[in-house]
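We count ligands from 1, going down the list as the structure has it; atoms in each ligand are counted the same way.
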Amino acid sequence: MNQEKGILVVFSGFAGSGKGTIMKELMKRYPDTYALSVSATTRDPRPGEIEGREYFFKTEDEFLRLAHENQMLEFAQYVGHYYGTPRAYVEQKLEEGYDVILEIETQGALKVKELMPDTLLMFVTPPDADTVFNRLTGRGTEDTQTINRRMAKAYEESNIIGAYDYWVINDDLESCVEEVHAIIQNEHSRTCRKKEQIKCMKQQLSCYVK
Ligand code: 5GP
């Protein structure tokens with residue numbers, strides 16, 4: 001486990017950007033570095049999704065109760081359903097030194113940044129709009145109406161990419177995963193995250209100054 005507190009990373013992207021796959025791969029390669037937050041949602045499970053692994057699936061009443069009890073770091077509505085980040089896990093893992101990743105949409109991302117300005121915001125997209133569409137239809141799990149809503153949502157979200165710290169293109173999974181990892185790990189070296197260490201270095205040096 002690391003000694004420093006971890007970095008909170010928000011990872012967003014268009015539906016079909018492959019962000020879930022990138023996150024799974026990052027967790028598989030660097031399990032001692034990253035902790036992936038599991039969100040709560042009111043949408044139905046997709047085939048193959050497991051309670052507590054992809055999401056905690058809640059009724060609307062259950063979800064709103066958790067939100068009112070302040071157990072969510074943030075929550076938002078996305079294409080007709082609620083999604084939210086359980087607070088306790090994030091705070092605990094950051095304290096333990098893990099870089100904690102939230103895979104969430106843009107409204108939630110901006111709320112987290114406002115609440116915790118040290119958060120690193122990363123946005124991922126496929127290389128172009130045709131690929132966004134092809135990946136959504138290729139998934140085979142959504143009906144035409146849902147695909148249309150998700151394409152319209154992507155258009156809307158393209159206005160917000162500029163508010164993120166980094167934009168990563170997922171053309172090739174292998175290089176994209178390593179790019180994301182490198183960006184997050186480089187972030188640890190930024191002087192604004194090293195205030196305590198700089199103070200400590202200065203104090204040590206002061207002993208040599210006659
Ligand atoms: P999906 O239904 O495809 O799993 O997710 C829909 C969108 O909700 C995605 O953009 C996903 O990143 C976002 N999302 C998932 N969990 C959360 C959350 O806890 N909070 C917010 N604000 N968005 C989330």
Tell me which donor-acceptor pairs under 3.5 Å the side chains of residues 198-210 have, and how far apart each pair is, sequence neighbours excluded?
{"residue": "S206", "atom": "OG", "partner": "Q203", "partner atom": "O", "Å": "2.5"}

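At most 12 heavy atoms of other shown residues, nucleotides or ligands fall within 6.0 angstrom of atom CZ in F133.
Looking only at atom types and distance, the side chain of N186 has no donor-acceptor partner in the side chain of S189 under 3.5 Å away.
Between Y34 and H181, the ring planes are perpendicular. Angles over 60° get that label, and only those under 30° would be called parallel. The aromatic rings of F14 and F123 sit perpendicular, their planes meeting at an angle over 60°, well past the 30° parallel limit.
A distance limit of 4.0 angstrom between heavy atoms and ligand 1 selects the residues K19, S39, R43, R46, Y55, E74, A76, Y78, Y83, G84, T85, E103, I104, E105, G108, R150.
Panel note: side chain K19, backbone G13; a donor-acceptor pair is recorded below 3.5 Å.
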